[in-house]
Protein chains: 2
Amino acid sequence: MRAHGTDGGVAQAVFRRFNALRPLSDEDTAALEHAILEGLLRAGPGEDLITEGDRIDSVRLVLSGWLFRHKTLEDGRRQIVNFILPGETCDSHAYLLSTIDHSITAATPVAYADIKRVRFEQLMAANRTLAEAFMCETLLSSAIQREWVINLGRRAAFERVAHLFCEIFERLRPVGMVDGNSCALPVTQMDLADATGLSVVHLNRTIQELRASGLIVLKDRTLTISDLEALKNAAMYSPNYLQLYRAK
Amino acid sequence: MRAHGTDGGVAQAVFRRFNALRPLSDEDTAALEHAILEGLLRAGPGEDLITEGDRIDSVRLVLSGWLFRHKTLEDGRRQIVNFILPGETCDSHAYLLSTIDHSITAATPVAYADIKRVRFEQLMAANRTLAEAFMCETLLSSAIQREWVINLGRRAAFERVAHLFCEIFERLRPVGMVDGNSCALPVTQMDLADATGLSVVHLNRTIQELRASGLIVLKDRTLTISDLEALKNAAMYSPNYLQLYRAK
DNA sequence: CGTATCTTTGATACGAATCAACTATCGTGG
DNA sequence: CCACGATAGTTGATTCGTATCAAAGATACG
């Protein structure tokens, strides 16, 4: 059961991303596609894919839509610790842990593939390139997490939001989700506030500052970055943490 | 070449930690010990084990001493993104990535084992339990990283420092590095400030607040937690992110 | 014993949170 | 199709937490 033609079908973003991590042979691609097509699922905005405390027994690949990982304190303070974008993987290998320490919620309508643990382990055992690519996914998400730590710990609000926008843009680009200098930003300002550790009010003012500086246009859930280099400078953005694949 | 007796020898902390992740058979233990003893090395305080931008080709296990991972912005602002404590692993699998996005520096004299990539891959291929344990190490360090994101993003200074102290204590406990309700804290207040995203001055005042609340004693690089439950409450600490191993 | 590093204290400034409205947008049902 | 409530975005006023600046003690160190 092949997907339509050469565009990669429903899993195009996944293939693009994997190829950026490790070049896939036709055989690799076919094996991955097969596993994906066995477990296609959908979720609606606000729906939890994983809830803190769950045990999990599968790996999920996001075909389309945005999700976020988040943790909440007893008194309700919430922090989004990462976004999960098309082509990215939720918690590969995480079935090895007893329980999950955070929740994953769909921000938009989401299509994803659910690959059961046993199936996933077969795939990894049979195909070394895919195993390495999945491992890189895990390592990359750690690298992003580290960058978020310095973002929250050492960048001021203006830089922080600028940095988040640079990162999202650079993560969406390799999966073909940017159009010129624009990309979708299908989350509310409250979500952005919870991702940047700011209050909604201050986030709103910071975005207005970014607009006033002529760095971005944000309207109708679409982010346009007028001058990416200028935005990166403002954010002290250094992209090396995202481009971590080892050229063969 | 066995280590001395039943105490695990120089690598005692490593074995304790691995056993907490995955119970090791005698055979597992022997294989791991063998690999460790082949590559014993030392580093002094301030010495870099890994510098941002390096390519790496080995995995390191910390036998004794503290290190920290850190990232620095162009203008010198520094963020410690994690501590690496005895028994823990630096970047297992990270040789898959092209370059490393952060530096690792010794905070104290450190003894560690350097296992070359090829050797490490042999070990993983030959021993599934060890492979899973190393994978868990990677996943756990991600979980800690996520917790640090919420710590920096949503906890106030007092809670934040309290949380860090709870976490360090709970990470040192399973490797036998706590003594009653005390543990070593062999880092400067500047390091703690860079780990919590605070200024040194404010960190100092926060520690004094914690002392005044009777929650901790911190003197001569020794942290004593008078009432761990009270400290956890103050920090809104929930330990589940550290206890992630799946009972067999 | 003198110097560098680390810790502590005080005074002041500023960035971001909070509180309270108000406006705009979106979805939905009458 | 419009009215309505709910959700999202925006604005102003004020408070508070934390940074910054400056300097004094304390401690470690060669």
Side-chain angles (χ1 to χ4, degrees), chain A residues 44-46 66 68 73 75-80 105 107-109 150-164 184-213 216-223 234, chain B residues 44-46 66 68 73 75-80 105 107-109 150-164 184-213 216-223 234:
Chain A
W66 284 40
F68 48 79
L73 297 179
D75 64 357
R77 279 176 284 177
R78 183 182 75 147
Q79 177 70 39
I80 291 180
T105 303
T108 67
I150 186 168
N151 208 29
L152 291 165
R154 289 300 182 216
R155 283 193 187 87
F158 186 87
E159 306 166 300
R160 211 184 284 181
V161 177
H163 190 278
L164 177 64
L185 193 77
V187 293
T188 65
Q189 292 195 357
M190 207 184 113
D191 294 331
L192 293 173
D194 283 344
T196 50
L198 300 170
S199 67
V200 198
V201 172
H202 199 64
L203 176 97
N204 179 276
R205 289 180 170 134
T206 304
I207 284 180
Q208 288 175 56
E209 267 189 82
L210 283 162
R211 287 188 184 122
S213 316
I216 65 157
V217 178
L218 178 54
K219 197 165 158 36
D220 300 330
R221 301 277 152 101
T222 298
L223 170 68
Chain B
W66 283 41
F68 47 78
L73 297 180
D75 64 357
R77 279 175 284 176
R78 184 182 73 149
Q79 178 70 37
I80 291 179
T105 304
T108 68
I150 186 168
N151 207 30
L152 291 165
R154 289 300 182 214
R155 284 192 186 89
F158 187 87
E159 307 165 299
R160 211 183 285 181
V161 178
H163 190 277
L164 178 64
L185 193 77
V187 293
T188 65
Q189 292 194 0
M190 206 184 114
D191 294 332
L192 293 173
D194 283 343
T196 50
L198 300 170
S199 67
V200 197
V201 172
H202 199 65
L203 177 97
N204 179 273
R205 289 182 170 130
T206 306
I207 284 180
Q208 289 176 54
E209 267 189 83
L210 283 162
R211 287 187 183 121
S213 318
I216 66 158
V217 178
L218 178 55
K219 197 166 157 31
D220 301 328
R221 302 275 152 102
T222 298
L223 171 68

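Lettering of chains follows the sequences in order, A, B, ..., and the numbering in each one begins at 1. The basis for the numbers below is simple: all heavy atoms, side chains too, and nothing from hydrogens, waters or symmetry mates.
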Residues L192(B), I207(B); criterion side chain to side chain contact (heavy atoms under 4.5 Å, CB included); working and verdict: CA-CA 10 Å; L192(B) 293 173; I207(B) 284 180; 4.2 Å; yes
Of the listed nucleotides dC6(C), dC19(C), dT9(C), the one nearest the side chain of R221(B): dC6(C)
Side-chain heavy-atom pair N151(B), Q79(A) within 4.5 angstrom cut-off: no
4.5 Å side-chain heavy-atom contact, R78(B) and I80(B): yes
Touch class at under 4.0 angstrom, heavy-atom based, for V200(A) against every strand present: nothing
Nucleic acid contacts - residues 186-198 of chain A versus DNA chain C, non-hydrogen atoms under 4.0 Å: G197(A), L198(A)
DNA chain D: 5'-most and 3'-most nucleotides touching chain A, 4.0 angstrom heavy-atom criterion: dA8(D) to dA13(D)
Sugar-phosphate, base or nothing in reach of R160(B), heavy atoms under 4.0 Å: nothing
CA sep, side-chain torsions, deciding dist, call: Q189(A), N204(A), side-chain hydrogen bond (donor to acceptor under 3.5 Å, both in side chains): CA-CA 7 Å; Q189(A) 292 195 357; N204(A) 179 276; 2.9 Å; yes
Heavy-atom check, side chain of R155(A) versus side chain of L73(B), under 4.5 Å: yes
D194(B) vs R154(A) side-chain heavy atoms within contact, under 4.5 Å: yes
Side chain proximity check, R160(A) to L164(A), heavy atoms < 4.5 angstrom: no
Backbone of L218(B) reached by a side-chain donor or acceptor of R211(B) within 3.5 Å: yes
Whole-Å distance separating the CG atom of D220(A) from the P atom of dC26(C): 7 Å
Identified side-chain contact (heavy atoms from CB on, under 4.5 Å) counterpart of I216(B) within the set L210(B), L185(B), V161(B): L210(B)
DNA chain C contacts made by residues 202-211 of chain A, counting heavy atoms under 4.0 Å: H202(A), R205(A)
Student check: side-chain heavy atoms of V200(B) and R205(B) closer than 4.5 Å: no
T108(B) side-chain N/O to W66(B) backbone N/O, donor-acceptor pair under 3.5 Å: yes
Sugar-phosphate only, base, or nothing, as touched by R77(A) at under 4.0 Å among non-hydrogen atoms: nothing
Distance in angstrom units between R155(B) CZ and dA17(C) P, rounded: 17 Å
Closest-nucleotide ordering on DNA chain C, the 5'-leading residue of K219(A) and F158(A): F158(A)
